[in-house]
Structures are given as C-alpha cells and as structure tokens.
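Everything below concerns the one structure shown next.
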Amino acid sequence: MEPKFQPKEIEDLIYSSWQDAGLMKADPNSSKKPFCIILPPPNANADLHLGHAMYVYEDLMIRYYRMLNYETLWLPGADHAGIETQYVFEKYLKKQGKSRFDYDRQTLFQMIWDFVMENRGKMEGQLKKLGFALDWEKKKFTLDEDIVAIVYDTFKKLFEEKLLYRDYRLVNYCTRCGTSFSDLEVVYIEKKDPLYYLKYGPFTIATVRPETKFRDTALAVNPKDRRYKKWLGKTLEIPGLLGEIKMTVIADPEVDPKFGTGIMKVTPAHDPHDFELGKKYGLPVTPIITTQGRMDFSWFLGQKNIPEKYRIRAEKYHNQKIAKARTLMVEDLKADGLLVKVDENYTHRIGTCYRDGSVIEPLPLEQWFIKVKPLVAEAKKIVQTGKIKIHPKRFQKHLITILDNFIDWNISRQIVWGIRIPAYKCQKMSNGKCQMSKGWFVSLEKPKVCSNCGAKEFEQDPDTFDTWFSSAQWPFATLMAAGKKYYDNFYPTSVMETGYDILRAWVARMIMIGYFITKKPPFKNVFLHGLIRDRQGQKMSKSKGNVVNPMEMIDKYGADALRGALIFNVKEGGDLPFSEEKVIGMRNFTNKIWNIGRFLELNSKAENRNLKQVQNSEQLNELKKELTAEKKNYIRAMNGYKFSQALGEVYEFLWHRFADYYIEELKDALQNGNIEVLDTLKEVYFENLKMLHPFLPFVTEAVWQVFKGKNDFIINSKIV
RNA sequence: GGUCGCAUAGCUCAGUUGGCUAGAGCGUUACAUUGACAUUGUAAAGGUCCCAGGUUCAAGUCCUGGUGCGACCACCA
C-alpha cells in the first residue's frame with residue numbers, strides 16, 4: 001500500500017468496477033424490501049454546482065439501506081430546464097449575431113436539442129465523479145418520448161376532471177424573455193421612481209405609470225373617504241393627453257385614503273390589483289402595452305375624426321418602449337398643465353424577471369391554469385396525517401403554510417424549449433358553433449377533427465409547459481417509464497431528498513400532482529438539505545466570485561473529502577458555510593482511514609506470531625464494548641436522519657479512540673505477533689469501514705479490497 | 001406587514017427525549033517523532049452558551065419577554 005491515499009488514481013477505476021459488477025442496478029423482482037430515491041434531475045445543459053453535491057445525502061442513504069439488505073434503486077435523470085436553457089441558448093445565438101426570431105419553431109427546437117445533448121454527458125460524468133451509486137440504465141430525460149406521453153396524459157386527465165381552465169388574466173410577463181412566469185419566478189426589488197401627481201378632472205391622482213392612464217376605466221376611492229363622497233357613482237369627463245375620457249367613480253374599501261391623494265385610477269389591463277377591482281366591478285380590460293414591451297395606440301389611431309393634435313401625439317407614442325413613452329408623455333403633461341408635482345424620492349417594490357432582471361409587466365393574456373384547490377386539500381391531508389413525513393420536522397409547518405397559500409398555477413410558457421401543450425383551438429369557436437371549453441380540446445395524438453364539433457380547422461397551442469409541470473410528475477413518471485414492475489415495486493418512493501428552497505416550487509407540486517394521478521403520495525419521506533454558503537455565510541453567486549467548483553475540490557482532495565465536508569459537523573436542513581479547509585480536514589481523515597489499513601496490513605505479514613499471548617484480553621474486551629456502543633449510536637443516528645451525528649460518531653471513534661489510543665496501546669503486542677490482537681483490530685476496523693462506506697465510498701472500498709480482494713465489494717457486506 | 005429560523009471558543013459550527021466538569025474542524029502555543037500516517041502524535045491556552053425573568057433537584061437545552069441577525073412569503077396605485 002502507498003503511504004498516502006491517492007484518490008485521483010483510483011476513484012474512476014473503482015466507480016467503473018461498481019458499474020461493471022452491476023452493483024448499482026436494482027432488481028424490480030427482488031423479494032427484499034424496496035428502498036427507492038429518485039434523483040432530483042439536474043439541468044441537462046449545465047455543469048453541476050456545489051448544491052448538487054448535496055445529493056450525497058441520497059447516495060449515503062442508498063448505500064446504507066443496501067447494506068441493511070434492502071433492494072435499492074436510485075434513479076437518475078436530467079431536466080430540460082425550459083426557460084433556463086432557452087435563455088442560455090439565446091445568449092449563445094446572440095454571440096453569433098442571431099436571435100431566436102431568425103428560426104422557425106422546429107429548427108429552433110432542434111438546435112437547442114443538439115446543444116443540450118452535446119452538454120448532457122458532462123453533468124452525468126460529474127455525478128459519477130461524486131461517487132453516486134445511480135442506476136444508469138434507468139436514466140430518464142424530461143423530454144424522452146415516454147415521459148412526454150405521461151405528461152400529456154396528466155394534462156388530459158386534469159382537463160377532463162375540470163381542474164384545468166383557460167383564462168384571460170394578468171400574467172407576469174418578461175418582455176425580454178418573451179414569456180410569462182408563475183408568481184414564484186418573480187423577484188421583487190426596491191426601486192426609486194418618480195411619483196407623478198396628475199390633474200385628473202376635479203381631482204389629483206398619484207401614479208408612477210402615467211403611460212397606462214389612457215386606458216383607465218374607473219376612479220376608485222375609499223367608501224369612508226368624505227372628500228370624495230359627492231362624486232361616488234358619477235361619471236366624469238376627464239381631460240387627458242388625447243382628449244376627454246369618460247370615467248365612473250367607484251368606492252372600494254381596499255383603497256387606502258392615506259396613499260397619495262386617496263383617489264386611485266383603475267387600470268385593469270396592467271395592474272394585478274386593478275385587475276381584481278375590474279373583475280369585481282365589471283370593468284373592461286383594455287391593454288395598451290404589447291408583449292414586446294411597447295406602447296400600442298392602434299385602438300386610438302383606428303378611430304375616425306381624431307383631432308390633429310391628438311393624432312400626432314398618439315403617433316409619437318405608438319410603438320415606443322415604455323420608458324421612452326413615459327418621458328414623452330410627462331413632457332406633454334407639463335405642456336398641458338396637467339402635471340401638478342413630481343415626487344422624485346418615491347421608492348416602491350417592483351417585480352423583476354428572475355432570469356435577466358428586467359421589469360416584469362403584468363399583461364393580460366390567455367393561458368392555461370390549474371385549479372389547485374382540490375389538489376392542495378389532498379396534499380395537505382397527506383402531510384398532516386403523516387403519510388409523508390418531513391425531515392427535519394420543522395419544515396412540515398412550512399410546507400403546510402405553502403399549501404395553504406397556493407394560488408392557481410399558470411402552466412403556459414411562451415417558449416419552444418419544452419413540452420408543447422397538446423391543446424387545440426377550434427376555429428369554429430369564433431362563430432359560435434364550437435362552444436365546448438371555449439373551443440379548446442385536448443388530444444394526445446395529432447388530431448384530425450375537433451373532438452367537440454368535428455370541425456377540421458384548428459390550431460395547436462403554441463405554448464409549452466412550465467418546466468415544473470413535468471418535474472411535478474417526476475417520481476411516478478420515471479418509474480412508470482421504467483416499467484410496470486418498477487412502478488409496482490418502488491412506488492411510492494422511500495425518500496425525496498432536495499433543498500428546502502424548492503419546497504414550494506417542486507415538493508408541494510409533486511405531492512399534488514402525484515396524488516392526483518396515482519392516488520398515492522409520491523414518496524413516504526421528504527428530507528431537506530440546506531443551502532451552501534461561503535465561509536462568511538454569504539450566498540454563492542457568480543457576481544460575488546465566491547463560487548466553488550465541486551469538480552475542482554474532487555480533483556484536489558478526492559470525492560470522499562468533499563462528501564465528508566458537506567456532512568461533517570452540520571445540522572441537517574441548516575445552511576452550511578463551505579470552506580476548503582474543511583475539505584482538507586476530511587481529506588486528512590480519509591488518509592487516516594487509509595493508513596490504519598496500511599498499518600494493519602503491514603503487521604499482518606509479521607512472521608513471528610505467538611498465539612499464546614493473551615495478556616491484552618482486557619483491553620480487547622474494552623475495545624469491543626466501545627465498538628458495540630459506537631455501532632448502536634451510529635444506527636440510531638442513521639435511522640433518525642441524523643447523518644452528521646452518525647459520521648461524527650465514527651470519526652471520533654476511529655481516529656481518536658481506535659487509532660490514537662488502542663493501536664498505540666496494543667502496538668507492541670501486535671508487533672510481537674499477537675494474533676488475537678491483530679484479528680480483533682482488523683475486525684473492529686472492518687466494522688468501521690462498513691459504517692463509513694455510505695459517506696466515504698471510495699477510500700473504504702479501496703482499503704476493503706486490499707484485505708478482501710478485488711472481487712469483494714464492501715457494499716455487499718452487511719452493517720447488521 | 002406575515003411566517004419561520006438562528007445567536008455556543010479567534011473563525012465556521014455540532015450539542016439527540018433537560019443530567020455538561022460544554023465539544024469538533026480550522027487557527028494559536030509548546031513539545032515529540034528517521035517508527036502506519038507531518039495529511040502525525042502528546043499537551044496547553046481560549047467560552048457570563050446574546051440579555052432579563054420563569055419552570056425544575058438540575059437549563060446551552062423547556063416557557064415568557066427583549067435585542068441583534070438571516071431566510072421565505074405577501075406586496076398598496
């Protein structure tokens with residue numbers, strides 16, 4: 001044996017020997033108890049980051065349960081990551097002076113497909129580098145045909161059970177990405193914008209968005225506000241930049257009399273709050289901003305007999321970007337004497353795109369929504385009755401709160417990289433012949449006729465599903481795609497392990513959709529890990545330049561060292577600061593493990609063995625007692641999801657008791673050839689190797705095989 | 001504004017149902033070693049366990065209040 005453990009030279013070899021021996025494959029026909037984890041599918045197109053290395057929790061569970069004689073399946077996969085990937089691809093196009101608008105739908109999709117497939121292998125190779133015992137033969141991609149078929153089925157079922165509806169409503173729209181987002185994907189930031197006080201007939205109103213006022217449909221005040229009482233219900237003609245607008249004054253308790261002037265203009269088409277008000281009072285929705293983020297005055301310019309002055313103005317504003325139009329209008333407002341004052345120090349919070357940071361425009365669009373109420377109710381029941389257990393426990397409350405606050409889920413995305421929605425709009429809808437579901441029908445195959453009215457003219461919805469819609473189906477979809485035996489044996493899965501930050505976006509939705517389709521919870525346990533931060537506790541991000549590449553760590557110190565550093569001395573579910581020093585510390589531990597083995601191996605060859613020396617029997621008994629206690633603590637910790645404690649237990653024992661104390665004490669006896677001492681030390685050592693194997697698979701395997709031979713794999717031994 | 005979490009050694013953090021003479025990693029100091037390992041060992045320094053009350057034979061641990069951080073959610077023109 002080398003005097004030092006050399007992970008770089010042997011890790012890859014060991015990993016392929018596991019693969020060759022079929023150790024990571026699950027047998028769906030096995031009579032053993034099943035234990036199954038579905039890997040949260042990483043983005044097929046991106047390199048792994050340190051957060052992915054946290055899946056080491058999954059690996060250690062898989063290995064541990066395998067060593068407890070379970071039939072284990074850890075199923076890998078990859079996510080197409082719709083918006084993320086299309087965004088990256090568009091940046092790549094831009095570098096070549098192109099844009100997505102230069103290609104038709106099929107070509108663009110194919111280009112992104114090729115782009116992703118080229119990169120996909122990288123991510124998989126990195127999972128192997130981490131030593132993950134994944135069953136590669138069962139790997140799945142969210143755009144695989146069989147997965148898409150299952151996703152389509154789910155959509156159809158939701159449609160048939162009336163949990164799916166199409167609605168014209170305000171969606172969060174990023175004009176730069178060219179797609180809408182769900183509420184979860186909007187990032188609010190504090191921003192300073194001028195607040196304009198405008199003369200508005202007999203009133204003064206305050207607004208940061210004067211550009212939308214052309215399409216105001218009402219004025220609202222608080223019903224208790226005495227100042228405006230006499231105007232209630234009256235319709236006024238308000239002079240504006242393009243002539244007079246008719247507007248009714250309505251009262252609503254939600255209007256804050258203390259804000260601004262206490263009177264508010266209602267713009268249902270471009271403000272979520274106003275949209276709700278509009279709905280409540282039956283106000284028309286009249287958009288003035290396009291999905292390109294430009295002003296649309298065609299509604300005005302199409303009118304007859306427009307005074308010249310207004311026509312010139314409207315033409316000036318038309319098709320301008322929002323910010324530019326606002327500047328132009330403020331000038332004209334000044335000229336007309338309609339601008340009362342400007343508060344330059346007004347700060348408010350605005351929604352921005354989580355991808356590129358541009359301002360999110362609330363725009364009225366027709367989209368697919370999932371009615372979540374019945375799904376949420378079932379999911380909540382499952383969690384509350386303990387059919388799904390959450391670890392650490394405090395996240396259960398969190399999950400319940402999340403479920404309580406779930407609003408209908410917008411699943412339409414206006415991008416091509418994803419699963420195209422299998423819904424069709426019948427042309428006859430417009431002339432009233434196809435009334436069913438507002439003229440929409442769902443078809444899994446390319447349809448020949450409208451399934452509602454038999455008409456032959458229809459168009460497929462150009463949109464694709466929100467990536468989370470397919471992710472929400474991942475546990476049952478992957479197992480169904482793997483085959484009936486897999487589904488029957490391994491579903492519901494044992495544990496869903498992921499970061500607590502996607503409890504809402506993913507875990508809650510998996511429970512909702514999973515139960516809806518299978519009538520079973522998709523998993524029995526949820527284990528949540530924390531977020532990795534840098535050594536100062538700061539979030540890692542490219543802009544801060546504090547990102548650590550896991551592959552670099554593996555290259556320098558070995559996969560075991562990195563894995564250990566992520567588990568050792570941390571609280572499950574808590575955020576953990578990452579430091580290279582900690583990896584070095586764990587590298588030292590792997591080396592210690594190696595060298596204990598080396599020492600025992602060297603002494604195994606000693607020639608002058610004396611079987612009769614038993615004067616150390618008392619110490620040997622003490623040692624065995626300590627081992628028993630250690631193992632008991634280890635198993636209790638492992639079964640209770642206290643992995644850090646389990647690792648700490650073995651670390652402490654093996655290094656500071658076994659090596660520092662017992663080996664030193666028994667060294668002389670050992671070197672004098674006392675075989676009983678040797679055998680006991682070896683036995684205790686092997687037991688510790690087994691306990692460590694789930695955490696540090698490579699070094700434990702390497703030493704194990706020094707003693708047991710190349711064909712004996714440590715994972716095939718049993719912990720109890 | 002709402003919810004949750006966190007405050008323990010110089011730094012980063014563990015501390016299981018109350019039993020602590022409070023631990024680990026890294027760092028610091030002294031010493032040892034051509035010996036399995038310097039990626040080592042032995043020893044040492046270093047803590048009012050945020051503050052104030054309370055429960056208890058016993059509180060780092062449980063309860064109440066306060067202070068200071070952090071995260072998530074909601075977002076008022």
Side-chain angles (χ1 to χ4, degrees), chain A residues 1-5 183-184 186 188 195-196 198 205-210 212-213 216 219-220 254-267 270-274 277 346 348-351 392 394-402 404-407 500-501 503-504 530-531 533-539 557-558 561 564-565 568-603 633 636-637 640-642 644-649 651-652 655-656 659-661 663-664 667 670-671:
Chain A
M1 286 174 84
E2 298 277 328
K4 279 174 191 162
F5 176 52
D183 299 87
L184 308 187
V186 180
Y188 286 88
L195 180 67
Y196 302 98
L198 307 181
I205 57 149
T207 180
V208 282
R209 307 207 59 182
T212 61
K213 71 189 275 294
D216 294 351
L219 285 164
E254 285 198 25
V255 180
D256 179 1
K258 289 188 205 88
F259 184 88
T261 55
I263 186 159
M264 151 186 161
K265 69 194 190 73
V266 186
T267 320
H270 297 294
D271 184 282
H273 189 243
D274 293 10
L277 272 183
Y346 178 66
H348 61 153
R349 290 168 70 76
I350 54 159
R394 70 192 144 95
F395 287 114
Q396 177 174 337
K397 214 172 176 181
H398 194 181
L399 182 57
I400 295 289
T401 319
I402 283 171
D404 281 338
N405 295 317
F406 232 104
I407 59 166
Y500 69 76
D501 54 325
L503 206 47
R504 173 184 304 262
L531 271 36
R533 296 164 179 281
D534 72 5
R535 112 188 44 203
Q536 275 83 34
Q538 301 270 330
K539 247 186 192 166
Y557 308 110
F568 190 71
N569 204 234
V570 302
K571 185 163 55 181
E572 286 73 20
D575 291 350
L576 62 136
F578 182 87
S579 68
E580 193 160 339
E581 284 76 10
K582 201 165 172 195
V583 184
I584 292 172
M586 291 316 285
R587 189 272 316 265
N588 295 352
F589 181 50
T590 59
N591 192 55
K592 191 77 190 177
I593 296 167
W594 174 265
N595 266 292
I596 295 170
R598 180 162 185 258
F599 177 71
L600 292 176
E601 200 252 355
L602 288 173
N603 282 287
N633 290 339
R636 193 178 49 195
Y641 295 87
K642 302 272 183 184
S644 184
Q645 224 170 78
L647 176 59
E649 188 78 29
Y651 178 100
E652 178 61 25
W655 197 328
H656 300 301
D660 291 349
Y661 177 73
I663 287 188
E664 291 304 324
K667 213 170 212 172
L670 186 66
Q671 283 165 345

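When reading the values below, keep in mind they use all heavy atoms of this one structure, side chains included, and skip hydrogens, waters and symmetry mates. Naming convention: chains lettered A, B, ... in sequence-line order (proteins, then strands); numbering from 1 in each chain.
- Distances from the side chain of A:Asp271 to the nucleotides B:A77, B:G15, B:G35 place B:A77 closest.
- Using atom C1' as the reference point in both B:C76 and B:G2, the two lie 15 Å apart (nearest Å).
- Between B:C72, B:C75, B:C37, one nucleotide has an atom nearer to the side chain of A:Arg349 than all others, and that is B:C75.
- Of the candidate nucleotides B:G15, B:C26, B:G41, B:G41 has the atom lying nearest to any side-chain atom of A:Trp655.
- The CD1 atom of A:Ile402 sits 12 Å away from the C1' atom of B:A71 (whole-angstrom rounding).
- In this model, the phosphate group of B:G35 is not approached by any side-chain N or O of A:Gln671 to a distance below 4.0 Å at OP1 or OP2.
- Between the C1' atoms of B:G25 and B:U64, the separation comes to 36 Å (whole Å).
- Across all strands shown, A:Arg209 has no heavy atoms under 4.0 Å from either base or sugar-phosphate atoms.
- Between A:Asp271 and A:Arg209, the closest side-chain pair of non-hydrogen atoms is not below 4.5 Å.
- Computed from coordinates, the A:His273 NE2 to B:C76 P distance equals 8 Å when rounded to whole Å.
- Across all strands shown, A:Asn591 has heavy atoms under 4.0 Å from base atoms, whether or not it also approaches the sugar-phosphate.
- An OP1 or OP2 oxygen of B:A74 is reached within less than 4.0 angstrom by no side-chain nitrogen or oxygen of A:Asn405.
- When distances run from any side-chain atom of A:Asn595 to the nucleotides B:U39, B:C76, B:A36, the shortest one goes to B:A36.
- Shown here for A:Asp274 and A:Lys265, the closest heavy-atom pair between the two residues is OD2-O, 3.4 Å.
- Among the protein residues, A:Arg598 comes within range of the sugar-phosphate backbone only, with heavy atoms under 4.0 Å from sugar or phosphate atoms but none that close to a base.
- The pair A:Lys667-A:Glu664 meets the salt-bridge criterion, since a charged nitrogen lies less than 4.0 angstrom from a carboxylate oxygen.
- Between B:A32 and B:C26, the two C1' atoms lie 22 Å apart (nearest whole Å).
- The partner of B:C76, taking Watson-Crick or G-U wobble pairs whose two distances both stay under 3.5 Å, does not exist in any strand shown.
- When Watson-Crick and G-U wobble pairs are counted only if both distances are under 3.5 Å, B:U64 pairs with B:A52.
- To the nearest whole angstrom, the two C1' atoms, one in B:A22 and one in B:U8, are 8 Å apart.
- Here the P atom of nucleotide B:C72 and the CG atom of A:Leu399 are 17 Å apart, to the nearest Å.
- For B:G27, there is no paired nucleotide, since no Watson-Crick or G-U wobble pair has both relevant distances below 3.5 Å.
- A donor N or O paired with an acceptor N or O is found under 3.5 Å between the base of B:A36 and the side-chain atoms of A:Glu664.
- For the pair A:Ile263 and A:Glu572, both in contact range of RNA chain B, the more 5′-proximal nearest nucleotide belongs to A:Glu572.
- Counting non-hydrogen atoms under 4.0 angstrom, A:Tyr651 reaches the backbone sugars and phosphates but no base.
- One can place CD of A:Glu581 at 14 Å from P of B:C13, the figure rounded to the nearest angstrom.
- Atom OH in A:Tyr661 sits about 12 Å away from atom P in B:U42, given to the nearest Å.
- Across all strands shown, B:A58 forms no Watson-Crick or G-U wobble pair with both key distances under 3.5 Å.
- Distance alone, capped at 3.5 Å, places no donor-acceptor pair between the A:Arg587 side chain and the A:Ala561 backbone.
- With A:Lys582 contributing its side chain and A:Phe568 its backbone, the two residues share a donor-acceptor pair below 3.5 Å.
- Rounded to whole Å, the P atom of B:A7 lies 11 Å from the corresponding atom of B:C62.
- Backbone-only contact: A:His656 has heavy atoms under 4.0 Å from sugar-phosphate atoms and none from a base.
- Note: CD1 (A:Ile596) to P (B:C37) measures 13 Å, nearest angstrom.
- Side-chain N or O atoms of A:Ser644 include one that pairs as donor or acceptor with a backbone N or O of A:Val570 at under 3.5 Å.
- Comparing atom distances between the A:Arg636 side chain and each of B:U16, B:C26, B:A77 picks out B:U16 as nearest.
- At the heavy-atom level, A:Phe5 lies nowhere under 4.0 Å from the strands shown.
- Taking each heavy atom of A:Glu601 and A:Met1 in turn, the nearest pair found is CB-SD, 4.0 Å.
- Taking the six-membered ring where the residue is Trp, A:Trp594 and A:Phe5 present tilted rings, their angle falling between 30° and 60°.
- Base pairing of B:A22 is not made with any nucleotide, judged by Watson-Crick or G-U wobble geometry with both donor-acceptor distances under 3.5 Å.
- Regarding contacts with the backbone of B:G5, every side-chain N or O of A:Lys397 stays at 4.0 angstrom or more from both OP1 and OP2.
- Applying the Watson-Crick and G-U wobble criteria (two distances, each under 3.5 Å), B:G46 pairs with nothing in any strand.
- Counting any heavy atom pair closer than 4.0 Å across all strands shown, A:Lys642 reaches no nucleic acid atom.
- The residue A:Lys592 sits close to a base: some heavy atom pair falls under 4.0 Å.
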(request) Please test A:Ile596 against A:Trp655 for side chain to side chain contact (heavy atoms under 4.5 Å, CB included), starting from the C-alpha separation and ending with a verdict. (result) CA-CA 9 Å; A:Ile596 295 170; A:Trp655 197 328; over 6 Å; no
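- Straight-line distance from the CG atom of A:Asp501 to the C1' atom of B:C73: 14 Å, rounded to whole Å.
- Nucleotides B:C75 and B:C69, compared at atom C1', are 23 Å apart to the nearest Å.
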(message) Assess the residue pair A:Asp575 and A:Tyr500 against the criterion (side-chain hydrogen bond (donor to acceptor under 3.5 Å, both in side chains)); give the C-alpha distance rounded to whole Å, side-chain angles, the decisive distance to 0.1 Å, and a yes or no.
(response) CA-CA 10 Å; A:Asp575 291 350; A:Tyr500 69 76; 2.9 Å; yes
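- Between A:Tyr346 and the phosphate of B:A77, there is a side-chain N or O to OP1/OP2 separation shorter than 4.0 Å.
- Here B:G5 sits opposite B:C69 as a Watson-Crick or G-U wobble pair (both hydrogen-bonding atom distances under 3.5 Å).
- Rounded to whole Å, the P atom of B:G46 lies 16 Å from the corresponding atom of B:C11.
- Checking B:G41, B:U12, B:A77 against the side-chain heavy atoms of A:Val255 singles out B:A77 as nearest.
- Looking at heavy-atom distances under 4.0 Å, A:Asp660 makes contact with sugar-phosphate atoms alone, never a base.
- Each of A:His348 and A:Arg394 was assigned the nucleotide of RNA chain B with the nearest heavy atom; the assignment lying further toward the 5' end belongs to A:Arg394.
- To the nearest whole angstrom, the two P atoms, one in B:A44 and one in B:G23, are 12 Å apart.
- The listed nucleotides are B:A14, B:A77, B:C72; the one nearest the side chain of A:Asn569 is B:A14.
- Going from atom CG of A:Leu670 over to atom P of B:A36 covers 10 Å, rounded to whole Å.
- Minimum atom distance to the side chain of A:Phe568 is reached by B:G25, of the listed B:G25, B:U40, B:C6.
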